Undergrad: 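Have a look at this one.
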Amino acid sequence: FEMGGHVRNLDLPYKDKMHYAGMNWMKVQVRYGEESMWLVSVAHAAGFKIQVSALGSASMVAEAGFEGKFSSWVAKFATAGADAIEVWNEPNISYWKGTPEEYNKLYDFAVEGVRRALPNARVGGPETAGGPGGRPGMVNLQGNVDQATGGEPQTLGDKIEVVVVDPDGREVIGHAK
C-alpha cells in the first residue's frame with residue numbers, strides 16, 4: 001500500500017512533511033491540451049512518484065473522435081515517465097457530460113494509447129467525488145472494475161491498477177481487499 005496527496009503548488013512547500021508522513025506519491029491534475037509533461041521530472045526530482053490526473057472539458061465528450069485525441073495526449077505523459085495516469089477526474093460530477101458507457105470507451109482508448117507508449121505504465125480511474133452534486137449512478141466503480149478485470153470487457157479488458165478515492169469528508173470505503 002502506498003499513499004500520496006493531491007498537489008496544487010508545484011513549488012512543493014510541504015514535500016518534507018509529505019515524506020515524513022510516509023507519502024511517496026503526488027497527484028497533479030492536468031487539463032486536456034496542456035503540455036505539462038515537465039511535471040513528471042519535478043515530481044521525480046523531489047523524490048515522489050507521480051500520478052497525472054488527466055481530464056478534459058465536459059464538452060469534449062460530444063466531439064467526434066475525441067477519444068483518440070485524448071488517448072494520444074495521455075500517452076505523452078507515459079512517454080515522459082509518469083508512474084500512473086488517471087483517466088479523467090471525478091466523472092460523476094460536472095467534469096463529465098457523457099454516459100458510463102462513453103467513459104468506459106474513453107478509458108479503453110486511453111489505456112491503449114498509454115500501453116503503446118509505455119507497456120508497464122499504471123493506469124487507473126475513475127476517481128469519483130463523494131460530495132454534493134455527485135451523480136452516484138453516473139459512474140459505477142464496480143461496473144468499471146468488472147469491465148476492466150474481465151467481467152464483461154467492452155474493448156481491451158485491461159485492469160484498473162490505481163484506485164483513487166476522494167472522500168470529501170465522508171466514509172466511502174467500508175473495507176478494502
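Nothing here was measured: the structure is a model prediction, and the numbers come from that model. The residues of the chain are indexed from 1 along the displayed sequence.
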Undergrad: Do the side chains of L39 and L10 get nearer than 4.5 Å, heavy atoms only?
TA: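 Contact flag for L10/L39 side chains = yes.
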Undergrad: Mind listing the closest non-hydrogen atom pair of A43 and M26 along with its distance?
TA: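 Closest approach of A43 to M26: CB-SD, 3.6 Å.
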Undergrad: Going by heavy atoms in the side chains, are K105 and E67 under 4.5 Å from each other?
TA: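 A side-chain contact exists here, since the closest heavy-atom pair is under 4.5 Å.
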Undergrad: Treating Ile, Leu, Val, Met, Phe, Trp and Tyr as nodes and any side-chain heavy-atom pair under 4.5 angstrom as an edge, say whether I50 and M3 lie in one connected cluster.
TA: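 I50 and M3: one cluster.
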Undergrad: Donor-acceptor pair, R116 side chain versus S72 backbone, under 3.5 Å?
TA: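 A pair under 3.5 Å: no.
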Undergrad: Give the minimum heavy-atom separation between H44 and G81, together with the two atoms involved.
TA: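 Scanning both residues, the minimum pair turns out to be CE1-O, 3.3 Å.
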Undergrad: Just do the side chain to side chain contact (heavy atoms under 4.5 Å, CB included) check on V40 and D83 with the steps written out, would you?
TA: CA-CA 8 Å; V40 174; D83 300 287; 5.8 Å; no
Undergrad: Go through the structure and list residues passing salt bridge (Lys or Arg N to Asp or Glu O under 4.0 Å) with E35, not counting sequence neighbours.
TA: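 Once residues adjacent in sequence are excluded, the partners of E35 under the salt bridge (Lys or Arg N to Asp or Glu O under 4.0 Å) criterion are K76.
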Undergrad: For L55, which residues count as a side chain to side chain contact (heavy atoms under 4.5 Å, CB included) partner, sequence neighbours excluded?
TA: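 Once residues adjacent in sequence are excluded, the partners of L55 under the side chain to side chain contact (heavy atoms under 4.5 Å, CB included) criterion are Q29, R31, W88, N89, Y95.
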Undergrad: For the pair E2 and R122, find out whether any cationic side-chain nitrogen is under 4.0 Å from an anionic carboxylate oxygen.
TA: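 Salt bridge present between E2 and R122.
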Undergrad: What distance do Q51 atom CD and H6 atom NE2 have between them, rounded to the nearest 0.5 Å?
TA: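 It is 9.5 Å, given to the nearest 0.5 Å.
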Undergrad: Identify the two heavy atoms, one from A46 and one from K15, that lie closest to each other, and give their separation to 0.1 Å.
TA: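 Scanning both residues completely, I find the closest heavy atoms to be CB-CD, 4.1 Å.
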Undergrad: Suppose we screen for side chain to side chain contact (heavy atoms under 4.5 Å, CB included). Which residues come up paired with A75, at least two apart in sequence or across chains?
TA: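 If we apply the side chain to side chain contact (heavy atoms under 4.5 Å, CB included) test to A75, skipping adjacent residues, the hits are A117.
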Undergrad: With under 30° as parallel and over 60° as perpendicular, where do the rings of W73 and Y32 fit, or are they tilted in between?
TA: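 The rings of W73 and Y32 stand perpendicular, inter-plane angle above 60°.
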Undergrad: Would you say the side-chain atoms of S36 pair up with the backbone N or O of V30, donor to acceptor, closer than 3.5 Å?
TA: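 No: the side chain of S36 does not pair with the backbone of V30.
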Undergrad: Check for a donor-acceptor pair, side chain of Y107 on one end and backbone N or O of E102 on the other, with a separation under 3.5 Å.
TA: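 The answer is no, because no donor-acceptor pair under 3.5 Å joins these two groups.
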Undergrad: For the pair V61 and E63, evaluate side chain to side chain contact (heavy atoms under 4.5 Å, CB included) and give the outcome as yes or no after the intermediate values.
TA: CA-CA 6 Å; V61 179; E63 294 175 21; over 6 Å; no
Undergrad: For the residue pair L106 and F66, establish whether any side-chain heavy-atom pair is separated by less than 4.5 Å.
TA: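 A side-chain contact exists here, since the closest heavy-atom pair is under 4.5 Å.
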Undergrad: So, do V42 and L12 sit near enough that their side-chain heavy atoms are less than 4.5 Å apart?
TA: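 A side-chain contact under 4.5 Å exists here.
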Undergrad: Are W25 and F48 close enough that their ring centres sit under 6.0 Å apart?
TA: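 Ring centres of F48 and W25 not closer than 6.0 Å.
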Undergrad: Set out, in order, the CA-CA distance, both residues' side-chain angles and the distance that settles side chain to side chain contact (heavy atoms under 4.5 Å, CB included) for M18 and V7, then state yes or no.
TA: CA-CA 10 Å; M18 290 174 70; V7 174; 4.1 Å; yes
Undergrad: Show your reasoning for whether side chain to side chain contact (heavy atoms under 4.5 Å, CB included) applies to V52 and M37.
TA: CA-CA 9 Å; V52 175; M37 291 66 190; over 6 Å; no
Undergrad: Would you find a donor on one side and an acceptor on the other, under 3.5 Å apart, between the side chain of N9 and the backbone of D11?
TA: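 Yes, the answer is positive, given that a donor and an acceptor are paired below the 3.5 Å cut-off.
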Undergrad: So which heavy atom on I85 is nearest to which on A78, and how close?
TA: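 Closest pair (atom of I85, atom of A78, distance): CD1-N, 3.7 Å.
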Undergrad: For residues T79 and L118, determine if any side-chain heavy atom of one lies less than 4.5 Å from a side-chain heavy atom of the other.
TA: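 A side-chain contact under 4.5 Å is absent here.
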Undergrad: Quick one: closest heavy-atom pair of A54 and F70, and the distance?
TA: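 Scanning both residues completely, I find the closest heavy atoms to be O-CZ, 3.6 Å.
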